[in-house]
Amino acid sequence: YQRRVRGEMMIFLNALLLCYFSIQVIDASPSQCDLDVKNVLKHLRELDDIAITNGGNRAAGTSGYQASLGYIVNQLSQHTNFKITLQDFLFTTFKIIGTPSFAQTSPNQVTYNYPTDFRVFSGSGSGVVNGIVTAVPNYGCTESDYSEFPNSNIAVISRGVCTFDDKIKLATQASASAIIIYNTDQGGVYSARGNGDIPVYAVSAYLGLELIETSPIHLSINVETKKEESITTNVLAETLDGDPNKVIVLGSHLDGVEAGSGINDNGSGSATNLEVALLVARCLLTKNKIRFAFWAAEELGLLGSRHYVNDLSQNNPDELKKIALNINIDMLGSPNFFYGIYNGSGADPIIRDKCIIIQNQFESYISSLSKPFALTPFNGRSDYGPFIEVGIPAGGLFSGAEGVKDASGRSIFKGLANTPYDPCYHAYCDSYENISEEGLDTLARASFHVTTYLANNVMLIDQLMSGRQLTRSNRPYTYPQHPDAISIY
């Protein structure tokens, strides 16, 4: 997916953009102040080398993550004058020991396959269970839903309305021996997080309904899990200049999954975030403050960004009010990419217009390059989720994960039809070789230009901060969850 762009055209375009964005530039040559994707690729090579020398991954709680954190902090401390903060927090590591099993023993003998037919909740307990299925009425969110639940049966519950933790707690109190939570609206098998002392499985809507519509069904469940408390760290670096009451948070998750190096997911976002920070430090003075955030443990359920937002909500709400918006960059280098912009119209009505404003900035920039873009769902899948949940508008970029590019997508963005945007999503092969330089170049430049434009547009930031409502109690809107987001609902 390499595409050469004539240097003269890019220099001319960047000069126009600098004028348009009204950025105050420090004494530096133009070539030093334009984002060069080669520098982003250098950071990615470093992150890939870190994974290779640390057990093959950069997952939260591992030496690979700590080394990744060290690289980011060293780059920021050596090449910027930013205020750098390391924010530690506790989290629970979760591992599945061996291969879990799930089978119907009566009236039919059916063996279900892991993880295509079922998945184990992150936070599930261990157990060997042989029991009868009992459907829990409604959504299993109140004690009355379990008033007639037989002791030691396996609870089959619909997803929705309340959190998974609520369902697990109530079913456990009702003496369920295991819990199966099925998806809604014909949804497939999904990944989820919920803490329990008994086995908790996630299944598709089809399988869940099959289990409760055939009576009685006897099931066999066997899973062994291990939970340990650990500490991990967010990295925050903010400009010294800029209004401290008008803060732009540019965020990316630094961790990956245990399966591989995590270079597209999400080394690509964090390498871009780092390069934007280095460019801002070298070249720009901003009217509004930028806070660069490198989140930990996103792959375990947005834990780093959620801890950051919750900590401010509970302990420093005045500081939370100073955040004007969050820009999230996650997976910018998918090999079969599209240029994805978060669809602000999917936001809560309270912040929808403001999210659309952010969306429009990315649309304008990518259009200025004569490149196409597509809107991607605002489904809480990445670290913007905790921000929009408390009423802070957000936007960002995404180049595709396990979703399949169709013929229409190929005609617009080229690449391969009927092929995932990232065939190595959450897999061993998500290495340096998994990156599209062409896709990364466009989205990294968009990240830089939109962030710095907003950092110097006082009027637009004032508009984004007007009429704020930053309490969850005033926000009943529920965002639709992507099936591969590690959901808590």
Side-chain angles (χ1 to χ4, degrees), residues 94-136 139-140 153-160 164 167-168 171-172 176-196 198-226 257-260 299-301 379 381 401-404 418 420 422-428 480-489:
F94 173 80
K95 291 186 178 180
I96 300 170
I97 310 300
T99 303
S101 67
F102 181 32
Q104 180 185 156
T105 57
S106 174
N108 302 305
Q109 293 190 350
V110 182
T111 299
Y112 303 108
N113 296 316
Y114 173 82
T116 53
D117 294 329
F118 72 99
R119 297 182 187 176
V120 179
F121 266 61
S122 178
S124 168
S126 300
V128 178
V129 176
N130 292 282
I132 300 173
V133 163
T134 295
V136 176
Y139 289 90
N153 277 19
I154 298 172
V156 179
I157 311 168
S158 173
R159 182 182 188 179
F164 292 131
K167 298 175 191 287
I168 294 167
T172 303
S177 57
I179 301 167
I180 298 169
I181 301 177
Y182 62 91
N183 212 342
T184 56
D185 300 325
Q186 299 182 334
V189 65
Y190 61 97
S191 300
R193 184 176 187 85
N195 293 309
I198 60 176
V200 186
Y201 283 0
V203 301
S204 67
Y206 177 83
L207 180 52
L209 293 173
E210 181 181 81
L211 293 176
I212 63 177
E213 289 172 356
T214 305
S215 182
I217 282 186
H218 293 252
L219 296 177
S220 172
I221 289 172
N222 188 344
V223 61
E224 182 181 357
T225 63
K226 182 180 180 181
V257 296
E258 290 188 356
E299 297 291 1
L300 300 178
N379 53 20
R381 187 175 184 177
E402 80 297 345
V404 174
N418 304 314
D422 183 359
C424 291
Y425 174 66
H426 283 189
Y428 175 78
Q481 289 285 334
H482 186 280
D484 280 327
I486 299 183
S487 176
I488 62 171
Y489 288 94

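When a residue number appears, it is its place in the shown sequence, counting from 1. No experiment lies behind these values; they were computed from the predicted model shown.
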From Y112 atom OH to I221 atom CD1, the distance as rounded to the nearest 0.5 Å: 10.5 Å
Looking at residues at least two apart in the chain, or sitting in another chain, which of them share a side-chain contact (heavy atoms from CB on, under 4.5 Å) with N153? I132, T134, F149, P150
Does atom OH (Y139) have a neighbourhood of more than 12 heavy atoms from anything else shown, all under 6.0 Å? no
With a 3.5 Å cut-off and no angle check, do the side chains of E299 and H426 form a donor-acceptor pair? yes
Are the side chains of V120 and F94 in touch, meaning some heavy atoms are under 4.5 Å apart? yes
Pairs satisfying ring-ring contact (aromatic ring centres under 6.0 Å, His included), at least one member in residues 198-217, at least two apart: F102-Y201, F118-Y201
Side chain to side chain contact (heavy atoms under 4.5 Å, CB included), that's the test. Do Y114 and I96 meet it? Break it down for me. CA-CA 12 Å; Y114 173 82; I96 300 170; 3.3 Å; yes
Quick check: does any side chain N or O of R193 sit under 3.5 Å from a backbone N or O of L300, one acting as donor and the other as acceptor? yes
The test is side chain to side chain contact (heavy atoms under 4.5 Å, CB included); show your working for I198 and V129 and say whether it passes. CA-CA 9 Å; I198 60 176; V129 176; over 6 Å; no
Closest heavy-atom contact between P199 and V223? CB-CG1, 3.7 Å
Locate the shortest heavy-atom distance separating S177 from I154; write the atom from each residue and the value. OG-CG1, 3.7 Å
Go through the structure and list residues passing side chain to side chain donor-acceptor pair (under 3.5 Å) with S158, not counting sequence neighbours. none
For E213, is the CD atom crowded, meaning more than 12 foreign heavy atoms sit under 6.0 Å from it? yes
With the side chain counted from C-beta on, respond yes when T184 and Y190 share a heavy-atom pair under 4.5 Å apart, and no when they do not. no
Would you say V136 and I212 make side-chain contact, with heavy atoms under 4.5 Å? no
Between CG on residue D422 and CD on residue E402, distance to nearest 0.5 Å: 9.0 Å
Please examine the side chains of L207 and Y182, heavy atoms only from C-beta on, and report whether any two atoms are closer than 4.5 Å. no
Pairing residues for E224 by the side-chain contact (heavy atoms from CB on, under 4.5 Å) criterion, not counting sequence neighbours: I97, S126
If you look at every heavy atom in I179 and T172, which pair is closest and at what distance? CD1-OG1, 4.2 Å
Please answer whether the main-chain N or O of R159 pairs with a side-chain N or O of K167 as donor and acceptor at a distance below 3.5 Å. no
Would you give the length of the straight line joining atom CD1 of I168 to atom CD1 of I157, rounded to the nearest 0.5 angstrom? 8.0 Å
Those residues that, when tested against T105, pass side-chain contact (heavy atoms from CB on, under 4.5 Å) (two or more places apart): H218, S220
Tell me, please, which residues at least two apart from P107 pass side-chain contact (heavy atoms from CB on, under 4.5 Å). Q104, T214, I217
Scanning both residues in full, the closest heavy-atom pair of A155 with A171 reads CB-CB, 4.3 Å
For a quick test of reading the model, state the closest non-hydrogen atom pair linking L211 to V133 and the distance between them. O-CG1, 3.8 Å
Please find the pair of heavy atoms, one from A192 and one from F164, that lie closest to each other, and give the distance. CB-CE1, 3.5 Å
